[in-house]
Amino acid sequence: QVQLVESGGGLVQPGESLRLSCAASGKIFRITFMAWFRQAPGKPRELVASITNGGTTNYLDSVKGRFTISREYAKNTVYLQMNSLIDEDTAVYYCNADVVTDWSTPQQNYWGQGTQVTVSS
C-alpha cells in the first residue's frame with residue numbers, strides 16, 4: 001500500500017506565502033505523476049498544479065506566476081510553493097500521485113488526506 005502525507009498548511013494573511021509538502025511512502029517502484037488539487041467549500045475539487053516524471057509542469061490559470069510545483073525524486077516528495085496568496089486560494093489542498101508498486105502491476109492513483117490552507121486578513 002502507498003500513503004501520501006501532506007504538511008505545511010495553515011492560516012496566513014493575503015500576500016503571504018506557504019509551502020506545502022507531500023511525502024509518499026510504502027511499496028513504491030516508481031511514481032509517474034504527482035499533483036496538487038484543492039477543494040473550497042461548496043466547490044468541486046480542481047487541479048492546481050501537476051508535474052510528470054520528466055519534470056513537465058502544468059498550472060491552473062489563476063495560480064500561474066504565484067505557485068510553483070517541484071519534486072524531490074530521491075525522497076518521493078512533491079512541494080507546492082505558494083506566493084502572493086489571496087482569499088480565493090482558501091481550500092483544502094490534496095496531494096495526488098500515480099504510483100507503480102512493482103514492475104508487473106499497472107499504476108494506481110492515490111490521494112492524501114488533505115491540508116487546510118486559509119488566507120484571511
Side-chain angles (χ1 to χ4, degrees):
Q1 190 61 292
V2 174
Q3 298 80 38
L4 302 179
V5 178
E6 301 107 332
S7 61
L11 171 64
V12 296
Q13 294 187 343
E16 294 185 338
S17 299
L18 277 177
R19 188 193 194 205
L20 305 182
S21 300
C22 171
S25 62
K27 187 178 180 183
I28 298 172
F29 178 68
R30 184 173 64 249
I31 299 176
T32 60
F33 174 87
M34 298 191 85
W36 289 96
F37 287 73
R38 68 185 181 188
Q39 187 166 21
K43 295 186 177 181
R45 191 171 296 191
E46 62 182 356
L47 176 63
V48 176
S50 65
I51 184 166
T52 68
N53 214 27
T56 299
T57 58
N58 185 50
Y59 294 93
L60 181 68
D61 282 348
S62 63
V63 308
K64 285 180 180 177
R66 300 188 298 122
F67 290 11
T68 303
I69 189 170
S70 61
R71 277 183 67 177
E72 192 167 356
Y73 291 84
K75 294 185 177 181
N76 290 325
T77 299
V78 65
Y79 304 97
L80 186 67
Q81 178 66 43
M82 305 186 293
N83 299 329
S84 302
L85 284 160
I86 59 177
D87 291 355
E88 290 75 15
D89 295 320
T90 295
V92 178
Y93 283 70
Y94 296 91
C95 180
N96 181 266
D98 288 335
V99 181
V100 179
T101 55
D102 63 68
W103 66 272
S104 63
T105 304
Q107 66 183 28
Q108 292 182 292
N109 188 258
Y110 294 88
W111 289 93
Q113 81 287 352
T115 185
Q116 177 70 46
V117 172
T118 303
V119 184
S120 176
S121 53

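Throughout, numbering of the chain's residues begins at 1 and tracks the sequence. These values consider heavy atoms only, across backbone and side chains, with no hydrogens, waters or symmetry-generated copies.
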Just so I know, are the side chains of [X] and [Y] near enough to count as touching, which here means a heavy-atom distance under 4.5 Å?
| X | Y | value |
| --- | --- | --- |
| Pro14 | Val119 | yes |
| Tyr110 | Gln1 | yes |
| Ser120 | Thr90 | no |
| Phe33 | Gln107 | no |
| Asn76 | Ser25 | no |
| Val2 | Ile28 | yes |

Exercise for the section: Taking Glu46 for its side chain and Arg38 for its backbone only, find out whether a donor-acceptor pair lies under 3.5 Å. Expected result: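 Looks like no, no N/O pair under 3.5 Å.
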
Practice task
Would you confirm whether Glu72, through its side chain, and Thr77, through its main-chain N or O, come within 3.5 Å as a donor-acceptor pair?
Solution key: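 Flag not set: sc Glu72 to bb Thr77 has no pair under 3.5 Å.
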
Quick one: closest heavy-atom pair of [X] and [Y], and the distance?
| X | Y | result |
| --- | --- | --- |
| Ser70 | Ile51 | CA-CD1, 4.2 Å |
| Cys95 | Met34 | SG-CE, 4.4 Å |
| Tyr93 | Met82 | CE2-SD, 3.9 Å |

Any chance you could measure [X], atom [atom1], to [Y], atom [atom2], to the nearest 0.5 Å?
| X | Y | atom1 | atom2 | answer |
| --- | --- | --- | --- | --- |
| Leu80 | Tyr59 | CG | OH | 7.5 Å |
| Arg71 | Thr52 | CZ | OG1 | 8.0 Å |
| Thr105 | Lys27 | OG1 | NZ | 6.0 Å |
| Trp36 | Thr115 | CH2 | OG1 | 7.5 Å |
| Asp98 | Asn109 | CG | CG | 5.0 Å |
| Asp102 | Arg30 | CG | CZ | 10.5 Å |

Practice task
Spell out, yes or no, whether Leu60 and Ile69 are grouped together once hydrophobic residues are joined by side-chain heavy atoms under 4.5 Å, including indirect joins.
Solution key: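 Same hydrophobic cluster.
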
Practice task
Assess whether side-chain contact (heavy atoms from CB on, under 4.5 Å) is satisfied between Ser17 and Val12, documenting all intermediate values.
Solution key: CA-CA 7 Å; Ser17 299; Val12 296; over 6 Å; no

Exercise for the section: State whether the number of non-hydrogen atoms from other residues, nucleotides or ligands found under 6.0 Å of Lys43 atom NZ is greater than 12. Expected result: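 No, NZ of Lys43 has 12 or fewer neighbouring heavy atoms, counting only those of other groups under 6.0 Å.
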
Exercise for the section: Would you check, one step at a time, whether the test side-chain contact (heavy atoms from CB on, under 4.5 Å) holds for Val99 with Phe29? Expected result: CA-CA 7 Å; Val99 181; Phe29 178 68; over 6 Å; no

Exercise for the section: Kindly determine whether Phe67 and Leu85 satisfy side-chain contact (heavy atoms from CB on, under 4.5 Å), including the steps that lead there. Expected result: CA-CA 9 Å; Phe67 290 11; Leu85 284 160; 3.8 Å; yes

Handout entry: Partners passing salt bridge (charged side-chain N to carboxylate O under 4.0 Å, His left out) against Arg66 (at least two apart in sequence or in another chain)
Key =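 Here the qualifying residues are Asp89.
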
Practice task
Determine the interplanar angle of the Trp111 and Tyr94 rings, folded into 0 to 90°, and report it as parallel if under 30°, tilted if 30 to 60°, perpendicular if over 60°.
Solution key: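 Rings of Trp111 and Tyr94: perpendicular, over 60°.
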
Problem - Test log, rule side-chain contact (heavy atoms from CB on, under 4.5 Å), inputs Leu20 and Val117 - result: CA-CA 9 Å; Leu20 305 182; Val117 172; 4.1 Å; yes

Problem - Steps toward side chain to side chain donor-acceptor pair (under 3.5 Å) verdict (Thr32, Asn53) - result: CA-CA 5 Å; Thr32 60; Asn53 214 27; over 6 Å; no

